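Every chain is numbered from 1, with letters handed out A, B, ... down the list of sequences. From a predicted model like this one, the values you see are computed outputs, not experimental measurements.
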2 protein chains.
Amino acid sequence: MSMYAHNGRVTTQPTLSPAEADVCCPSLTVSPLSIEDAHDFARILKAVADPTRLRLVSLIAAHEQQEACVCDLTEPVGLGQPTVSHHLKILVDAGVLHREKRGVWSYYSLEAATLNRLSEFLSPG
Amino acid sequence: MSMYAHNGRVTTQPTLSPAEADVCCPSLTVSPLSIEDAHDFARILKAVADPTRLRLVSLIAAHEQQEACVCDLTEPVGLGQPTVSHHLKILVDAGVLHREKRGVWSYYSLEAATLNRLSEFLSPG
DNA sequence: ACAAGGCATCGACAAATGTCAATGTATGCG
DNA sequence: CGCATACATTGACATTTGTCGATGCCTTGT
């Protein structure tokens, strides 16, 4: 087994023992992501990687009871109701927000666990 | 000034004092994001919100010296060299990766500060 | 000088994305 | 019932995005 790569740098084998592999919470910077994990986190990140959706999340977080309905959000965001509903659906599908229907209103609130998972995923733990 | 919104929920005024506003590091969950901050963070998040780019970052992080050249990455990622270069450029432009040219090779390494900034932005600080 | 290898850039193209207007669904009120 | 309100869904459209093949640039070795 060659210890030297084609370009002359020393190469060590990245054979991790099962104990070293992060079974619990995959992290960006500890070991190469599996294709599945990469897709999972990309899906969540994609949901958040939009200026409008970032503002929606922050508006909900700053709202009373940490929840808000669509009618609370359309005006501060400056977009139409269908567009806001569309963005909220993306965030709910990604597990970033939680939707609870009460009466005529849909109340959206944070799914803190998902944001925490993202935060720890990105931090060099 | 009405204390009750149209839908009957109690509303308290979110008038933050300047001291409460996060001047240093904007966080998703403390106060409504400005449009500029939303765009800034969306740009960084967009760069990372792709399965291929997540794997590139994790491959670089797991590589010796925490750096890798394009030729180290094409095969594990399973994409052509131009495509990999394209993804790396996006990550560099977003400040997630750093590029250093040595000889014929371009060595890519992590820009830890940016990932930390992202992580803290998402965490409920 | 020449050839080869590593990488960036360009042009093209299909697929995904953000937005809107129009419409549909369901809840509450007279 | 009938109407208004809050929200979701649909269809359409322009823009962006991910990928590739072809090509160009630059460094190294002969």
**Complete:** Of the listed C/dA8, C/dC20, D/dT19, the closest approach to the B/Leu79 side chain comes from D/dT19
**Asked** CG of B/Leu91 versus P of D/dT17: gap in Å, rounded?
**Response** 13 Å
**Message:** Across nucleotides 21-30 of chain D, 5' to 3', mark each nucleotide with B, S or - according to how protein heavy atoms within less than 4.0 Å reach it.
**Reply:** BB----SS--
**Prompt:** Roughly how many Å is it from CH2 in A/Trp105 to P in D/dC7, rounded to a whole number?
**Reply:** 8 Å
**Message:** Side chains of B/His63 and B/Leu59, heavy atoms from C-beta outward: is any pair under 4.5 Å?
**Reply:** no
**Asked** Is A/His86 near enough to D/dC7 that one of its side-chain N or O atoms lies under 4.0 angstrom from OP1 or OP2?
**Response** no
**Message:** If you compare every side-chain N and O of A/Ser106 against the phosphate oxygens of D/dA8 (OP1, OP2), does one of them come in below 4.0 Å?
**Reply:** yes
**Request:** Report yes if a side-chain nitrogen or oxygen of A/Thr52 is closer than 4.0 Å to either non-bridging phosphate oxygen (OP1 or OP2) of C/dT19; otherwise report no.
**Result:** yes
**Message:** In whole Å, I'd like the distance from the CG atom of B/Asp72 to the C1' atom of C/dC7.
**Reply:** 13 Å
**Request:** Rounded to the nearest angstrom, tell me the gap between atom CG in A/Leu88 and atom C1' in C/dG18.
**Result:** 14 Å
**Prompt:** Looking at side-chain heavy atoms only, is the closest gap between B/Leu118 and B/Val96 below 4.5 Å?
**Reply:** no
**Request:** In whole angstrom, give the distance that lies between atom NZ of B/Lys46 and atom P of C/dA16.
**Result:** 16 Å
**Prompt:** Which of the following nucleotides, D/dC7, C/dA8, D/dT9, is nearest to the side chain of A/Lys89?
**Reply:** D/dT9
**A/Leu54 vs B/Phe121 side-chain heavy atoms within contact, under 4.5 Å** = yes
**Asked** How about A/Leu110 and A/Leu97: do any of their side-chain heavy atoms sit closer than 4.5 Å?
**Response** yes
**Item:** Side-chain heavy atoms of A/Arg117 within contact of A/Ile44, under 4.5 Å
**Value:** yes
**Fill in**
Side-chain atoms of B/Ile90 come closest, of D/dT19, D/dG18, C/dC20, to D/dG18
**Request:** Could you state the atom-to-atom distance from OH of A/Tyr107 to P of D/dA8 in whole Å?
**Result:** 13 Å
**Prompt:** For the pair made of CG in A/Asp50 and P in C/dA16, what is the distance, rounded to whole Å?
**Reply:** 18 Å
**Request:** Can you tell me the distance, in whole Å, between the CZ atom of B/Arg99 and the P atom of C/dC7?
**Result:** 11 Å
**Message:** Please check this pair: side chain of A/Ser119 against backbone of B/Ser119, looking for a donor-acceptor N/O pair closer than 3.5 Å.
**Reply:** yes
**Request:** Measure the spacing between OG of A/Ser123 and CG of B/Leu115 and express it to the nearest 0.5 Å.
**Result:** 9.5 Å
